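First comes the structure, then the notes that go with it.
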Amino acid sequence: MDNFLELISEILEVEEVSMDTDFRNDIEDWDSMKGFAIICMVDDEYDIQIDVPTFLKLKTVGDIYNKAMGK
Amino acid sequence: MINIYIEEAMDPKMKSEIFIRWILSEYLKVDRDELNIKKTKYGKPYLVDYPYVHFNVTHTKDMIAGAISDNPIGIDMERIKPRPHNKRIAEKFLTKNEQKYIFHRKDNQDLRFLEVWTRKEAYVKWAGLGMKLSFDTFDVLDDDRIITTFINEYIFSICSDCFIDWKDDESFSFCFNEKSVYE
């Protein structure tokens with residue numbers, strides 16, 4: 001889980017995030033390109049494909065983590 | 001005619017709604033609180049009482065920009081800086097033609113990526129479909145409706161049905177920090 005949070009923090013360009021972070025609202029510099037980068041990261045690191053419509057429904061970092069874990 | 005407004009913003013997300021109302025009230029010469037703004041089911045804002053006035057807004061961490069026109073319009077802006085995930089995003093979401101354009105030379109790949117990316121975003125915002133439109137289903141390189149330019153460390157793309165030419169000041173009215181850049 002720590003590695004996942006590190007990867008997400010790197011994409012979001014913040015020091016740290018938690019599972020509760022609402023990435024669209026809590027991240028000051030959020031933009032759709034970061035969302036596309038997260039989709040790529042989950043594909044590359046966890047071999048899980050999240051399509052854009054599904055990603056648009058995710059709200060927190062924890063939601064992304066659950067998808068990455070195949071839940 | 002396209003009116004473009006650009007402003008430095010410490011907190012663009014908080015200011016976005018205020019900014020939209022400010023530029024529309026300047027354009028329409030009406031009180032900003034009287035503007036009835038709603039969103040389509042795809043999230044594109046529109047003016048209920050002025051269906052022929054089209055507008056769109058974009059922001060980065062420290063800059064906000066808006067465009068108003070009498071035709072549908074989409075605008076996107078990005079700060080020019082290296083982004084480690086560009087290549088992977090391009091491989092997964094851009095067309096083969098766009099990837100070839102970005103990576104055919106080793107220099108300025110980040111810049112060409114942002115050029116294509118902002119053109120994509122401007123296009124989907126113009127179309128009013130947001131992220132519902134899959135990025136790899138359309139190519140933006142030769143689309144005459146989209147133009148791209150640079151202002152300082154920012155890259156801008158605008159998509160419109162109007163004929164637009166950055167060098168033609170009859171096509172544009174720029175407003176930067178409440179002062180025309182042509183003044």
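Values in this document were obtained by computation on a predicted structure and should not be read as measured data. Note on naming: letters A, B, ... go to the chains in the order of the sequence lines (proteins, then strands), and numbering restarts at 1 for each one.
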(Q) Please tell me whether A/Leu58 and A/Leu12 are part of a single hydrophobic cluster in this structure, the criterion being side-chain heavy atoms less than 4.5 Å apart. (A)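 Both belong to a single hydrophobic cluster.
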
Q. Shared ILVMFWY cluster between B/Tyr50 and B/Tyr46, side chains joined below 4.5 angstrom?
A.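 Not linked; separate clusters.
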
Q: Start with the C-alpha gap between A/Glu13 and B/Lys81, add the side-chain angles, then the distance that decides, and say whether salt bridge (Lys or Arg N to Asp or Glu O under 4.0 Å) holds.
A: CA-CA 13 Å; A/Glu13 300 176 74; B/Lys81 62 177 184 178; 3.0 Å; yes

**Q.** For chain B, the option from A/Leu56, A/Asp44, A/Val52 that forms the most heavy-atom pairs under 4.5 Å
**A.** A/Asp44

Residue [X] excluded, over 12 heavy atoms near [atom1] under 6.0 Å:
| X | atom1 | value |
| --- | --- | --- |
| B/Phe150 | CZ | yes |
| B/Lys38 | NZ | no |
| A/Lys67 | NZ | no |

Heavy atoms, side chains only, cut-off 4.5 Å: are [X] and [Y] in contact?
| X | Y | value |
| --- | --- | --- |
| A/Cys40 | B/His85 | no |
| A/Trp30 | B/Lys61 | no |
| B/Arg88 | A/Asp43 | yes |
| B/Asn86 | A/Met33 | yes |

Q.
For A/Met41, which atoms come within 4.5 Å of any heavy atom of chain B: side chain, backbone, both, or neither?
A. neither

Q: Drop me the distance from A/Asp31's CG to B/Met77's CE, to the nearest 0.5 angstrom.
A: 10.5 Å

**Q.** Distance in Å, B/Asp76 CG paired with A/Ser32 OG, rounded so as to fall on 0.5 Å steps
**A.**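 Between atom CG of B/Asp76 and atom OG of A/Ser32 there are 7.0 Å.
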
**Q.** Under 4.5 Å from any heavy atom of chain A - which part of B/Glu91
**A.** neither

